[in-house]
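To find a chain, count down the sequence lines: A is the first, B the second, and so on, and within it residues start at 1.
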Amino acid sequence: MFKQYFTIALRNILKDKIISSINFVNLIVGFVTFILISLFVYSELTWDQHNKNFEKTYRVQLFMDQADNVIHHTASITAALSRHELTTIPEIDKIALIHDVGDNNKDGVFLSLDKKDQYKIRWGYYADPSVFEIFTFSFIEGAPSKALLEPYSIVLSKSVAQKLFPNSKALGKQVYGENKVSFTVTGVFEDLPVNSSWRPYYLLPMNTFTQITGWEGYESQYRSYSFNIYVLLKPNAEPSSVDKKIYNTLEKYQKEHHPYLRHMESLHLNPFFQKDIYIILTLLSFIALLILILASVNYINLQTARSTTRLKEIGIKKTVGFSKNSLYSQFLFESIMVSFIAGLIAIIVTQLILPAFNYLIGTTGIIGVAMTSNVFSEPGLIMIVLGVSVLTGFISGLYPAYIISSFNPIKALKEKVVNNPNNGFGLKKILVTVQFTISLFLLINGFIVFRQTQFMVNGNLGFNTQNVIFANIVTNKSGSSEPLRQKLLQHPEIKDACFSDYIPFIIPGGDDLTWEGGNAEEKVFFRDYRITSDFFSTYNIPIVKGRNFSRDFPDDKEKCIINEAAARVLGWDDPIGKHLIEGNKKVEIIGVIRDYIAQSMHNPIEPHWYHIIPDSASLNGIFSVQLATDNTRKGIKIINEEFADFFPEDAFEFTHINTIIRNEAAVQAWLVIRNISVFFAILSIIISSVGLFGLVMFFVKRKMKEIGIRKVLGFSLGNLYLKLSSEFLWLLLIANLLAWPASFFIYKQLPGAHKYPIQIWEFLLGSSIIMGIAVLTISYHIIKSARTNPVDILKYE
Amino acid sequence: MIKTVNLNKVFRTEEVETTALNSLNFAVKKGEFLAIMGPSGCGKSTLLNIIGLLDTPSGGEYYFDGVDVAKYKENQRTNLRKGNIGFIFQNFNLIDELNVYENVELPLLALKVKNVERKKKVEEILERMQIGQRKLHFPQQLSGGQQQRVAVARAVITNPKLILADEPTGNLDSANGEQVMQLLEQLNAEGTTIVMVTHSPAHADRAHRIMHLFDGHIVAENKEKFFV
C-alpha cells in the first residue's frame, strides 16, 4: 500500500513541476531558516562547555550598592582576595588570579623576535599556573604543569606562535614584549574555541607581574580592582555557601562591595544579570518559529488548493472501495513524505550555505558567533530537523487530507467539487492573512533592526568620529610630550592633538565617589579619565558650563571636569565650584561637558570625571590627533614621521577612531543581529512570494469560468482585475492591522539604552513591499487568464 | 440480486427540490444483463450511483443480495462495494498518474490482497483483455478503446457479483464500442450480473432486458430476449 502511496505522490510531484517546486522551495527555505537559527541559538547557549570543569568553574565578581538603588556589577576585583580570604574556604579547590597584559581594552601589545617584525597582539594575560587546572587547554608544545612557573616565561596560542615562528617550533625561543622585555616560550596551546568567554592569545606568569608593571604589593591591596579571579569548586561544594562566606570579606575596605560567584554558564550570556542577549535569542527563536509557521501555512494553502487536481483519483479510489480513512492516510503520508524530503534537502542546502552565512554574521563577532561549519557534525540537530520536518508535514497535511478524503466520489468523478464556494475558503482566507501578517512583521522588524544598527554605527555619538586617529604608546622615554604636540600643530594637515589615559570607546575603570552635601554612605560610580587640556577640542566635545583645564592655571591638577550625566545624577543644576569627594580628598568641579556616547548607543551614559594627566610620555597613554578634513593621507604620513622621530625606540600603530567604534562589543553584536534579521526578512519574502504565487494561480483557475462569462458579457480587463484582486487586498489590509502593532512592540522590547526614533515610513514601506508582491503576482495571473479566449474557457468548463 | 421498493431520490437546495427518482420498483436477477435507457436528466446515472452504493436513496428500500442497504453508512457501503461491484464509465476514469498495471491493481489493494496473488491476478486479467503488452503505459499513451479495456479489467479483477456500466461505449468509435460490448456479453455469459446505462438502442438490444426511464419514472420495460 505504501509503495502505491509513494508512487502516486512521486508522480504527482513530477507531473506538476511548478507547484511542486513552489512547495519544495517554500519548505526548504523554511527548514534552512530553522536550522540556521537553531545552530546560532545553540552556539550561543553552549559557550565555554568545551571546558572539562565547566560544571564547577566560577568567576568571582562583585556588586556595589549605589545611590538611587543602582546595583553595579563588575568582574574587576582585588587581587588580595585570591591570596587571602579565598584560600581559607574549604569548598574552593583551585584559584587563578588573572590580569591583562597592558590594557586589553586598548589595542594590544607588541610582540616580536627583534625590533623589525613587530606584531600587535591583543588579549594577553598574566595568570597563575592554576589556570591550566581550571580551564581546559590543549598543549602542542611544552607542558601545562611547568609552563607558567618560571619568571619571564611566555605561553603562546598556536596562532600567535605561527605568526612569530612560522614553520618552526617555538618552545625555548625568545620573544620581546614592546621591544623592552625578553620572555622564553615555555608552551604553545591550541587556540581556544571562539565560544570561550575567556580567550587568551598568550599568557605570562603572575610572578613576573611586579617586575614588568612595577606594581609592588598588589597581593595585599584591597582597594585596587583590576584583576579577575576564577575558582574551581570541589565536587559537591555548594556555591551558595561559598557566596555566604565571601559576601562580607571586603567590608573593612569598601563597605558596599559584595563579592559573589558567577557560574561559567552565565559568563557569556549574562555575566552581570542583563537580559539583552536573551531578548535577542528569544526574538531570533521566535523568527525561526514564524518562518516555519509561514512555510507550513503556505504548504496547507497550496495543498488544499491543489487537491482539486486530484479529484478524479479520489473519485475512482472511493468507487473501487478505498475507505475515507485510507485516503486520509494516503494524503497525510504524501504530505509527510514531501516535508521529509524537503527536510533532507534543507540539511544539504544549509551545509552548502553555512560558510556564506558564517561570513555574513561574522564568526568573530563578539556576541560569540561560534557556529559550526559542518551541519553533519551535529547528528542531534539532524535528527531534530528530520523530526520537525515530519511534524510539519503531519500538521500541514491534516487539513488538506481531511478536505480531500471527504470529497463525494460522484462529484469528485465529475470534478465538480471545485465550484463549491464554501469549500474551505474561510479557513484559507485566515491562512492567507496569517501569511501576509508574518511576512510583513518580519519585514518591518528587519527594517527596525537595520535602522537601529545604522543608528549605532553612524548615529551622532556627540564627539568627533570622523577624523581622529589614535595610538597607544608604551615607552621608556621620559619627559613632556608637549614638544611633539607643538611640532604636529605646525603642519596645516593637523588640527589638534591630545594625550590621555583613555578615549571614547576605550573606557577606563572608575571610582565610587561621594559629593559635597551628599550622604557619606551613598556613593556613585564615576568613570575616571585623565586628559590633557586639548582632549575636548581634539574630540570636539563642547564645554557647556564653566571652563576647560588650562596651562595658565597650575592648580587645575587638583580640579576636575564632569559630564552632564554626572550633574544629573547628583542633582546639581550648576555644579561649578562644588566638590566631589574621593576618600578624604575633595575635588572642585570647574566645568561640565556635554554628554557623549563613550561606550556605544547600547549602553546608558554614565557619570564621568576628568582630571589633568601628568605630562609624561612614559605613562602608557593614548595620543589622539585630529586631522584637517582635506588631505588626511598626507596628515597620517606626517603623524607617523613625527612620532617615529619622537619615539625612535618604540613601536606604534595609529588607528582610526571609527575602527574601535565598529569593533565595540555591542556594535559588533548589533551588526550580527542586523545581518541575521535582514537575511531572514529576505527569506520570508521569498517564502511569501512563492506561496502567494501558487495560491493566486489556483485562485484564478477556480475563477476561470467567471472570467469567461464576464468577458462574454463585455466586462473590461480592468474591471475583472479590480474584482479579483480586491479579495486579496482586503486580507492584506487586515494583515497590516495585525503586523504593525506587533512590530512596534518588538521595537519597544529591543535592548539598548539609546534607540533611533522609529518612523511611520518604515511601516508603510514594509506594507508597500508586501502589497507590491501581492499585486504583481495577482496581476500576472489575472492578466494571463483574462487574455485567454472566453470560448476556450467555457468549452473547457 | 437487486430489488428496489419505492426507491426515491430527491435533490434539495435551499429553494428548489428536484425529484430525480420517483418510487422505482424493479429487480435484477442474478446473471441478468439489464440496459437502462432514457433522455438526459431522466435519472439514469442517479439510479446507477444508488445501485452502485456510491449514493444513498432519499426513501424506499434497496435490497442487495437480499439485504436492505438503503440506510447503510458510508463505511458500510464502502465495504460492501469493495470486491462486489465493478464500475465502468463513459470517460474510462483511469488515474493518470498510475500505469495500466497499477490502475488495474487498485481494487485488489483496496481488498488488501497479498502481493503474489495480486500480481498473478493482474497479469491474468491483462492477458485476457489483450493489453498485457501495454501494462507499463500510462492512460494518456493509450487509445480510447484500450483505455476502456483497462477500465473493464479493473472492474472485473475482483470477480464482482455486479458490474455497473455507465455509457461504456459513449466515447468510443463503433469498432472499439463493439469490442467492449463483446467483453460485457462474455462476462455476463460467465455469470456476472450487468446493469448498463446506454443511449445506443443497438447496444441496449444486446441486453436481456431494457428499462426506460423518464423524469424519474420507469415508463417501459421491453423484454426482448429470453433470459435463462
Handout entry: For chain B, which residues of residues 12-21 of chain A have heavy atoms nearer than 4.5 angstrom
Key = A:N12, A:K15
Handout entry: Proximal to chain A - members of residues 135-160 of chain B, heavy-atom separation under 4.5 Å
Key = B:F138, B:R154
Problem - Those residues of residues 315-336 of chain A, ordered by number, that approach chain B below 4.5 Å (heavy atom to heavy atom) - result: A:I316, A:K317, A:K318, A:T319, A:V320, A:G321, A:F322, A:S323, A:K324
Exercise for the section: Answer yes or no: are there more than 12 heavy-atom neighbours, outside A:Y5 itself, under 6.0 Å from its atom OH? Expected result: yes
Handout entry: For chain A, which residues of residues 82-111 of chain B have heavy atoms nearer than 4.5 angstrom
Key = B:K82, B:F87, B:F89, B:N93, B:L94, B:I95, B:D96, B:E97, B:L98, B:N99, B:E102, B:L106, B:P107, B:L109, B:A110
